[in-house]
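Hydrogens, waters and symmetry mates are skipped; everything else that's a heavy atom, side chains included, is used. Position 1 is the first residue of the sequence, and the numbers go up from there.
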Amino acid sequence: SGIVSCDKFTTGSGNGSAFGVQIELPASNSMSITAGMGIHDRSGSLSAMSSFPIRYDASANGFTQVKMNQTITTSMNFLESQFDARYVFVEKYSFALRVVGGLRIGFPIKGTYDQQSTIVSPENAGFYVDNSIVQNRTLANGSITTFAGVQTGAVFGIEPMIRKIGRAHV
């Protein structure tokens with residue numbers, strides 16, 4: 001996909017939103033089966049600090065090191081389906097707690113990436129880009145054209161619920 005870097009990206013984070021619909025059918029008084037589908041944003045950012053010599057400094061009797069922060073940011077959307085079972089293991093007064101377990105399947109819809117390089121130090125170092133000296137430059141960006149196929153994963157969790165009417169909870 002055109003991503004350029006010789007660094008090992010060691011730090012990362014991600015977040016995203018999810019929108020969808022879910023149908024829940026009772027299997028017994030304490031268990032239900034659910035099926036849902038939605039659009040999920042699985043975006044994130046990876047970063048790495050790198051350092052290498054750029055020029056010899058006779059006064060310091062050594063090389064000046066440039067420190068750079070390399071980042072790759074992605075935006076990826078998936079059409080996902082989730083199938084799970086939910087079991088009520090605590091129910092007291094108007095409160096219930098369920099354990100959730102199931103399978104999630106995702107199909108990639110689209111993705112983009114952006115790779116940047118930023119000089120952290122020394123302050124007077126820069127990249128020569130389009131007849132200008134800058135401290136941040138784009139190395140590569142564009143669409144992610146190849147995905148690894150269908151994404152699958154297990155789902156586990158605990159779901160708190162508050163009873164509203166009869167056996168209806170939120």
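- With sequence neighbours left out, E24 forms a salt bridge (charged side-chain N to carboxylate O under 4.0 Å, His left out) with R98.
- For the atom pair OG of S17 and CZ of R42, the computed distance is 10.0 Å after rounding to the nearest 0.5 Å.
- F147 and K110 make their closest contact through CZ-C, 3.8 Å (heavy atoms, listed as atom of the first residue, atom of the second, distance).
- Taken together through direct or relayed side-chain contacts under 4.5 Å among Ile, Leu, Val, Met, Phe, Trp and Tyr, F89 and F95 form part of one hydrophobic cluster.
- In plain terms, the two heavy atoms of Q115 and F9 that are nearest each other are NE2-CZ, 4.1 Å.
- To the nearest 0.5 Å, atom CG of residue L103 and atom CZ of residue F83 are 7.5 Å apart.
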Could you give me the CA-CA distance, side-chain angles and deciding distance for I39 and I109, then say whether side-chain contact (heavy atoms from CB on, under 4.5 Å) is met?
-> CA-CA 9 Å; I39 304 291; I109 299 173; 3.6 Å; yes
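- Side chains of I158 and L97 form a contact here, defined as non-hydrogen atoms less than 4.5 Å apart.
- Residue R137 holds its CZ atom at 7.5 Å from CD1 of I119, rounded to the nearest 0.5 Å.
- Judged by distance alone, the side chains of T138 and Q116 do bring a donor and an acceptor atom under 3.5 Å apart.
- Looking only at side-chain heavy atoms (C-beta outward), Q22 and D84 come within less than 4.5 Å of each other.
- Across N69 and A48, no two heavy atoms sit closer than the pair OD1-O, 3.4 Å.
- Inspection of the S81 and R104 side chains reveals no N or O donor paired with an N or O acceptor under 3.5 Å.
- Taking CG of L25 as the reference point, atom CD1 of I33 lies at 8.5 Å (rounded to 0.5 Å).
- Clustering ILVMFWY residues whenever any of their side-chain heavy atoms sit less than 4.5 angstrom apart, transitively, puts F78 in a cluster other than the one holding V155.
- For CD1 of I133, the number of neighbouring non-hydrogen atoms (other residues, nucleotides, ligands) closer than 6.0 Å is greater than 12.
- Between L79 and M37 the shortest side-chain heavy-atom distance falls below 4.5 Å.
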Would M68 and V120 count as a side-chain contact (heavy atoms from CB on, under 4.5 Å) if you check the C-alpha gap in whole Å, the side-chain angles of each, and the deciding distance to 0.1 Å?
-> CA-CA 5 Å; M68 294 193 313; V120 176; 5.8 Å; no
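- In the hydrophobic cluster analysis, where Ile, Leu, Val, Met, Phe, Trp and Tyr join through side-chain heavy atoms closer than 4.5 angstrom, Y113 is grouped together with M76.
- Side-chain atoms of S43 and D41 include a donor-acceptor pair closer than 3.5 Å.
- Of all heavy-atom pairs between P122 and V66, the closest is CD-CA, 4.0 Å.
- N136 CG to S117 OG: the interatomic distance, rounded to the nearest 0.5 Å, is 7.5 Å.
- Remark: N77 CG to F107 CZ distance equals 15.5 Å, nearest 0.5 Å.
- Taking 4.5 Å as the limit, some side-chain heavy atom of V150 sits within range of a side-chain heavy atom of I105.
- Looking only at distances, no side-chain donor or acceptor of E159 sits under 3.5 Å from a matching main-chain atom of G157.
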